[in-house]
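Below is one structure, written out as structure tokens; the observations come after it.
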Amino acid sequence: MLRAKITATGSYTPERILSNQDIEKIIDTSDAWITERTGIKERRIAYESQITSDLAYEASLIALKERNIDPLEIDLIIVATVSGDMPFPSTACILQKLLKAKNAVAFDINAACSGFIYAMSIANSFIKTHSFKKVLIVGVEVLSKFLDWSDRTTCILFGDGAGAAILEPSESESGILSTHIYSDGSLWDLIYLPGGGAKHPTSHQTVDNRLHYIKMKGNETFKVAVKTLENLVVETLKVNNLEPAQISLLIPHQANLRIIIATAKRLGIPMNKVFVNIDKYGNTSAASIPIALDEALKQGKIKKDDYILLEAFGAGLTWASALIRW
Ligand code: ACO
């Protein structure tokens, strides 16, 4: 059966580190609160001169080099981001220019933290229908540029980064076994960025009212996330006729260590089979899964034939999972 297979990965995070202690100096918070409530110790912050496409470019170069292919061979680029260079054109088109991948169709998708798995799902469908052969998917965010650094309920959570993967057709047993993508727009106002769109075009008033920054009802989001992720993972296992014990590695979206632990516990997956790097990067939204996947691979935590489960939850609301046989 034809399916898509990940043939290379890459990730990039900016060198600049912002620790909890650094944030203590900016707002009324503490390392103890952030660590206990989120698991985050530090996050990466892009330099003023670095934009979304720059991070995407660095991660993509690493993946292309690993696969040893020319960018001209890429026929589709999908960038998952909610913090693109500009409202338009797409960051994918800018990335296509930077990579000189002029044979690729390029577009963005907006599914927040679930974006990378959405992109994987789209790429998988295109590959299965023989529409494209070498697909570059990237999850990338520079959310630091959209954070209200006077709002302690949001600014402590997010970080910047990018992760990339190359997907190609596979006739073997290994590859993407299933993807599951969902949305519930009725809960759009749990996490959103109100300003700068058609609803609130940028004006002095929208800036004065701080509408150009991320807003989140964290506690409500937390509760929906835990329940939704549990159901999602149960469904993913059932569709693939697998027991939790057969999963070699769970790679969850890194939003909150407590959400990660609660989901793993409800499923009976021990924490030594759960990949966690939230302490180093915070929540990098669409970049979180591909950065974690790349790190897990490079740390030798994924071996041939392993079953790898990816899951994410984010603004939209959106949620998504993927089951991969490596
Ligand atoms: N430092 C110190 N105190 C704080 C801070 C802070 N940084 N932030 C909030 N508090 C206080 C609150 O003011 C509140 O005080 P009060 O009880 O006196 O009113 C108290 O801490 C508890 O606040 P809660 O919001 O109830 O804290 P909670 O335990 O829910 O943790 C958090 C907040 C970390 C945001 C959590 O709710 C969370 O992780 N939510 C899920 C986020 C998520 O998954 N988002 C989806 C992806 S994001 C995307 O798609 C872009």
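For ligands, and for the atoms within them, numbers begin at 1 and follow the listed sequence.
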Within the supplied structure, the quantity of interest is the number of heavy atoms (other residues, nucleotides, ligands) at a distance under 6.0 Å from K97 NZ; does it exceed 12? no

With a 6.0 Å cut-off (strictly less than), is the heavy-atom count around CG of D305, excluding the residue itself, greater than 12? yes

Looking only at side chains, do [X] and [Y] share a donor and an acceptor under 3.5 Å apart?
X: T91; Y: T81; value: no
X: N124; Y: S121; value: no
X: E141; Y: T284; value: no
X: S150; Y: Y213; value: no
X: K41; Y: S19; value: no

Any protein heavy atom < 4.0 Å from atom 18 (O) of ligand 1: no

If we count only non-hydrogen protein atoms and require a distance under 4.0 Å, does atom 13 (O) of ligand 1 qualify as touching the protein? yes

Could you tell me whether [X] and [Y] have a side-chain N and a carboxylate O separated by less than 4.0 Å?
X: D189; Y: K217; answer: yes
X: E168; Y: K5; answer: no
X: D306; Y: R325; answer: no
X: R67; Y: E73; answer: no

Which protein non-hydrogen atom lies closest to [atom], naming both residue and atom, and how far is it?
atom: atom 11 (C) of ligand 1; value: R152 NH2, 3.7 Å
atom: atom 1 (N) of ligand 1; value: T29 OG1, 2.6 Å
atom: atom 42 (C) of ligand 1; value: M216 CE, 3.7 Å
atom: atom 35 (C) of ligand 1; value: L157 CD1, 3.8 Å
atom: atom 46 (C) of ligand 1; value: I191 CD1, 3.5 Å
atom: atom 22 (C) of ligand 1; value: R37 NH1, 3.6 Å
atom: atom 49 (C) of ligand 1; value: C113 SG, 3.0 Å

Minimum distance, heavy atoms only, to atom 41 (C) of ligand 1: which one of G314, G218, S288 is it? G218

Report the member of F313, W319, W33 with the shortest heavy-atom distance to atom 5 (C) of ligand 1. W33

Suppose I only count heavy atoms of [X] and a 4.0 Å limit; which atoms of ligand 1 are within that range?
X: A315; value: 49 (C), 50 (O)
X: N283; value: 47 (C), 48 (S)
X: N256; value: 34 (C), 36 (C), 38 (C), 39 (O)
X: T38; value: 34 (C)
X: N219; value: 26 (O), 28 (P), 30 (O), 37 (O)
X: I259; value: 41 (C), 44 (O)
X: A112; value: 50 (O)
X: R258; value: 28 (P), 29 (O), 31 (O)

Close approach of T221 to ligand 1, heavy atoms, under 4.0 angstrom: yes

So is A225 touching ligand 1 or not, going by heavy atoms under 4.0 Å? no

Of D148, T206, V207, the residue whose pairing with H212 passes side-chain contact (heavy atoms from CB on, under 4.5 Å): V207

Enter the distance from E42:CD to I278:CD1 here, rounded to the nearest 0.5 Å. 12.5 Å

